[in-house]
S.K.: 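I am attaching a structure below and will ask some questions about it afterwards.
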Amino acid sequence: MASISPIDLQKALKGAEYPASRDDLVTLAKDNGADDTLVEKLGDVPTDEFDGPNDVQKAVFGNE
């Protein structure tokens, strides 16, 4: 499995408006051409809604 970085996540979520749902962010990441691994990891986080990019980063990378 390819490793993803916080920078990859920021690029994938460029243009996001918060608060945002997990599903909206997954769609945006796909539209921004994000790596499948990143999209999958974002889709697997247990949080349903995010107040900002820091919340997303904590949810995606917090358990590493």
Side-chain angles (χ1 to χ4, degrees):
M1 181 178 274
S3 178
I4 58 172
S5 73
I7 293 172
D8 295 330
L9 182 63
Q10 290 174 5
K11 289 178 183 177
L13 300 181
K14 184 178 180 180
E17 294 184 16
Y18 296 94
S21 72
R22 178 182 55 235
D23 292 342
D24 288 343
L25 294 179
V26 167
T27 299
L28 179 62
K30 288 179 185 176
D31 290 348
N32 284 340
D35 181 86
D36 290 342
T37 303
L38 188 149
V39 172
E40 183 178 320
K41 192 160 188 176
L42 183 59
D44 288 343
V45 297
T47 308
D48 291 329
E49 188 162 301
F50 300 93
D51 291 328
N54 288 339
D55 287 344
V56 180
Q57 189 161 325
K58 286 177 189 174
V60 172
F61 296 106
N63 295 332
E64 292 186 354

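Values below: every heavy atom of this structure, side chains too, minus hydrogens, waters and symmetry copies. Residue numbers count from 1 along this sequence.
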S.K.: Applying side-chain hydrogen bond (donor to acceptor under 3.5 Å, both in side chains), run through Asp35 and Thr37 and close with a yes or a no.
M.R.: CA-CA 5 Å; Asp35 181 86; Thr37 303; 3.0 Å; yes
S.K.: What residues, two or more places apart in sequence or in another chain, satisfy side chain to side chain contact (heavy atoms under 4.5 Å, CB included) together with Ala12?
M.R.: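 So Ala12 forms a side chain to side chain contact (heavy atoms under 4.5 Å, CB included) with Ala29, Ala34, Leu38.
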S.K.: Could you report the tightest heavy-atom contact between Phe50 and Tyr18, atom names first, then the distance?
M.R.: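 Closest heavy-atom pair between Phe50 and Tyr18: O-CD2, 3.7 Å.
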S.K.: Roughly how far, to the nearest 0.5 Å, is CG of Leu13 from CG of Asp31?
M.R.: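 It comes to 11.5 Å.
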S.K.: Not counting sequence neighbours, which residues clear side chain to side chain donor-acceptor pair (under 3.5 Å) with Asp48? List them please.
M.R.: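 Only Arg22 meet the side chain to side chain donor-acceptor pair (under 3.5 Å) criterion with Asp48.
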S.K.: Rounded to the nearest 0.5 Å, how far apart are NZ of Lys11 and CD1 of Ile4?
M.R.: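 If we round to the nearest 0.5 Å, Lys11:NZ and Ile4:CD1 are 13.0 Å apart.
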S.K.: If you count the non-hydrogen atoms of other residues, nucleotides and ligands that lie under 6.0 Å from CG in Asp36, is the total more than 12?
M.R.: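 For Asp36, atom CG is not crowded (no more than 12 foreign heavy atoms under 6.0 Å).
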S.K.: Can you tell me how far the NZ atom of Lys30 sits from the CG atom of Leu25, to the nearest 0.5 Å?
M.R.: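 The NZ atom of Lys30 sits 12.5 Å away from the CG atom of Leu25.
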S.K.: Among all residues two or more places apart in sequence or in another chain, which pass the side chain to side chain donor-acceptor pair (under 3.5 Å) test with Thr27?
M.R.: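 Here no residue qualifies.
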S.K.: Please name all residues satisfying side chain to side chain contact (heavy atoms under 4.5 Å, CB included) with Lys14, sequence neighbours left out, ordered by chain then number.
M.R.: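 Residues passing side chain to side chain contact (heavy atoms under 4.5 Å, CB included) with Lys14: Asn32.
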S.K.: Any idea which heavy atoms bring Thr47 and Ala59 closest together, and the distance?
M.R.: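 Nearest pair, atom of Thr47 first, then Ala59: OG1-CB, 4.2 Å.
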S.K.: Which residues pass the side chain to side chain contact (heavy atoms under 4.5 Å, CB included) test with Asp51, sequence neighbours left out?
M.R.: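 Residues passing side chain to side chain contact (heavy atoms under 4.5 Å, CB included) with Asp51: Pro19, Asp55.
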S.K.: Please check this pair: side chain of Asp44 against backbone of Lys41, looking for a donor-acceptor N/O pair closer than 3.5 Å.
M.R.: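 Side chain of Asp44 to backbone of Lys41, a donor-acceptor pair under 3.5 Å: no, none is there.
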S.K.: Decide yes or no on side chain to side chain contact (heavy atoms under 4.5 Å, CB included) for Val45 and Val56, but give the supporting numbers first.
M.R.: CA-CA 9 Å; Val45 297; Val56 180; over 6 Å; no
S.K.: What closest approach, in Å, do Leu28 and Gly15 show between heavy atoms, and which atom pair accounts for it?
M.R.: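 Scanning both residues completely, I find the closest heavy atoms to be CD2-C, 4.1 Å.
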S.K.: For Pro6, check side chain to side chain contact (heavy atoms under 4.5 Å, CB included) against everything at least two apart and list the hits.
M.R.: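 Gln57, Phe61.
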